[in-house]
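Hydrogens, waters and symmetry mates play no part in the numbers below; they use all other heavy atoms, side chains included. Just so it is clear, the structure is predicted and the values come from calculations on it, not from any experiment. Count residues from 1 along the sequence.
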Amino acid sequence: MDDVARAKRRRVDEESSGQELPPGGDTREGHPDLISRLPDEILESIITLLPTNDGGRTQILSRRWRLLWPSAPLNLEARMVSGHEIKQAAYTDGVLRGHKGVVRRLSMLLGVSYPSTILSPRFDKLQEFEMYSRGSLLTLPLSLFRFSPTLRVLCICSEYFVLELPASLESTPQFPNLKQLTFMLVSISEKSLNGLLSRCPVLESLVLDGNTGCRRLRVSSLSLRSLGVSNGERGREGKLEELIVVDAPLLERLIPRIPTCGLVIRVIQAPKLRTLGYLYDDIPTFELGTILLEKMVPVSLSTMTRSVKILALLTSPNLHLVTGLLKCFPCVEKLYIVSYTRITIKNEQDYSPFECLDEHLKFLQITNYEEKSSDINFIKFFVLNARVLESMKFVVRDGKCDAKWIASQHKKLQVNDRASRAARFYFHASKWSSSLVHMKHIHDLTMDPFDGSSCKCHGDIFL
């Protein structure tokens, strides 16, 4: 009998006798079972991070795992879609009966009504609550927020949600532990939204996307680090028209999500702003300290903003425009450009040294690269003048990046004459070349929100 067969036989014998294998005792082809050496607390955390069904399936691994799932904090996903409400409610009730631990996260996709399960006291200590709906007009009752004192993540997404909070601020739920807040396609009044934000003293990340009912929003927060905002498509009634960041001393990233049409953005105090974008010409006015941009064009610049290190632009390949913006933000190290061509621009410009290209720019990504003279001249300017560039990435929407084609691009872009000898050039063909920044990327402060190389969010219902 070989070693693998002996290990399997030993596991079967010990399981049937009621004995548990010692931590790390099981082997597969001579390799120890390192996961079994971890303490129960860590294994429970692993189970909690799994989807509901996958977490339940861990019980088949061993007697030890069978004891872990019922006590691990539960990650519950309920899909109450139209026509399947009874079946899904029965499934959810069954999970709650079999699991006796705390429910940490509840994610619901609703149909035409709320399930009675949501009123269960099992949810009174929720830490994460996500509610999605499509095709139903639902008004959120105040009783849903009875778990607000323990909530750390709140996400509400639906074109038909109406969020009505009490007229009196004293009656508005308090969220003393809330870190992440997302409202997408929600109807909420200006007074209610401002009142709600004032009850979130430790809020770190906020995404407001396509909501109605609030035309003007003033944000002052001593804890906010990430802010994503969009007011939706053109012609949407009651959408946000002006965002004013009055005082946000810890704000690191400001993400105007696309589409953002006609939204005026004014940032008065954000000294630590590091990540900015996408800027594009549908934003009529963008003001950051003393910098004033009108449709991306600098019209007032008494001082430069040196805190911005990551900048993303949605623009035609306009060399004069982009270099003008880099002079506003001279310390940019990573530049993302999603290119679209409205007019043909020659992009013939002599280089006059400026700080960003001489000292800081290390990474440049061009999305929707096309083999046109305007694109080639635009990119060639950076190839020949960015002195500390480390890598340049081309995302090609259509076309094949075979060796012959790449070699022809190298010749056209004059990469052999590049200013930075350390620079490397990468071409990538992708069907997914969107300028949309996923909400999860805005909330995740550990990642670059514009770097889609490791993104697995493209299949999500709500972006």
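In this structure, the side chain of N231 engages the main chain of C261 through a donor-acceptor pair within 3.5 Å. Judged by distance alone, with hydrogens and angles left aside, the side-chain atoms of D54 form no donor-acceptor pair with the main-chain N or O of L50 at under 3.5 Å. Not a single donor-acceptor pair under 3.5 Å links the side chain of D417 to the backbone N or O of L384. Of the possible polar contacts, one joining the S148 side chain to the Q174 backbone as a donor-acceptor pair under 3.5 Å is found.
Here the CD-CG distance, from E128 to L126, works out to 9.0 Å after rounding to the nearest 0.5 Å. Between the OG atom in S226 and the NZ atom in K179 there is a gap of 14.0 Å [rounded to 0.5 Å]. The structure places CG of L197 at 11.0 Å from OG of S192, a figure rounded to the nearest 0.5 Å. Here CG of L335 is found 5.5 Å from CG of L326. Values are rounded to the nearest 0.5 Å. Distance check: F329 CZ to S307 OG gives 8.5 Å after rounding to the nearest 0.5 Å. Once rounded to the nearest 0.5 Å, the distance linking CG of L240 with CD of E242 reads 8.5 Å.
Contact annotation: the side chain of L279 never approaches that of L314 to less than 4.5 Å [non-hydrogen atoms, C-beta and beyond]. Residues L293 and L325 have side chains in contact (heavy-atom distance under 4.5 Å, counting atoms from C-beta outward). A 4.5 Å side-chain heavy-atom check between I442 and L227 finds every atom pair outside the cut-off. Taking the side chain as every heavy atom from C-beta outward, F382 and L389 never approach each other to under 4.5 Å. The side-chain heavy atoms of K309 and C331, taken from C-beta on, include a pair separated by under 4.5 Å. Within the 4.5 Å cutoff, no side-chain heavy atoms of R424 are placed close to those of E390. Within the 4.5 Å cutoff, side-chain heavy atoms of R122 are placed close to those of H99. With a 4.5 Å cut-off on side-chain heavy atoms, T260 and Y280 count as touching.
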Chi angles and distances behind the side-chain contact (heavy atoms from CB on, under 4.5 Å) call for D375, S339
CA-CA 9 Å; D375 280 21; S339 174; 4.2 Å; yes

Can V383 and F425 be said to form a side-chain contact (heavy atoms from CB on, under 4.5 Å), step by step?
CA-CA 10 Å; V383 172; F425 300 86; 3.9 Å; yes

For side-chain hydrogen bond (donor to acceptor under 3.5 Å, both in side chains), just list the numbers for T446 and D444, CA-CA rounded to whole Å, side-chain angles, deciding distance to a tenth of an Å, and then say yes or no.
CA-CA 5 Å; T446 64; D444 187 352; 2.5 Å; yes

Between L273 and L288, does a side-chain contact (heavy atoms from CB on, under 4.5 Å) hold up when you go through it step by step?
CA-CA 10 Å; L273 188 64; L288 176 59; 3.9 Å; yes

If you apply the rule side-chain contact (heavy atoms from CB on, under 4.5 Å), what do you find for V229 with L263, and how did you get there?
CA-CA 10 Å; V229 62; L263 176 63; 4.1 Å; yes

Can you list the steps and then say if R152 with N177 is a side-chain hydrogen bond (donor to acceptor under 3.5 Å, both in side chains)?
CA-CA 5 Å; R152 297 174 61 86; N177 294 299; 5.4 Å; no

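With 3.5 Å as the limit, one finds a donor-acceptor pair spanning the side chains of Q409 and E371.
Cation-pi contact between K393 and Y426: absent, since separation from the ring centre below 6.0 Å together with deviation from the ring axis within 45° is not met.
C200 and L196 get closest at one heavy-atom pair: SG-O, 3.3 Å. Closest heavy-atom contact between L445 and E204: CD1-OE1, 4.3 Å. Listed here is the closest heavy atom pair of A386 and S420: O-CB, 3.5 Å. Considering every non-hydrogen atom in both H441 and R253, the closest pair reads O-NH1, 2.8 Å. The shortest heavy-atom contact between V264 and P284 is CG2-CG, 4.1 Å. Across all non-hydrogen atoms, the minimal contact from T182 to M439 is CG2-SD, 3.3 Å.
Using a 30° and 60° split on the angle between ring planes, F427 and F394 fall in the parallel class, below 30°. Between Y336 and F450, the ring planes lie tilted relative to each other; the angle falls in the 30° to 60° range.
When the shell of 6.0 Å around CG of L222 is examined, it contains 12 or fewer heavy atoms from other residues, nucleotides or ligands.
Under a 4.0 Å N-O distance rule, the pair R215/E241 qualifies as a salt bridge. Salt bridge status for E355 with K327: absent, with no side-chain N to carboxylate O gap under 4.0 Å.
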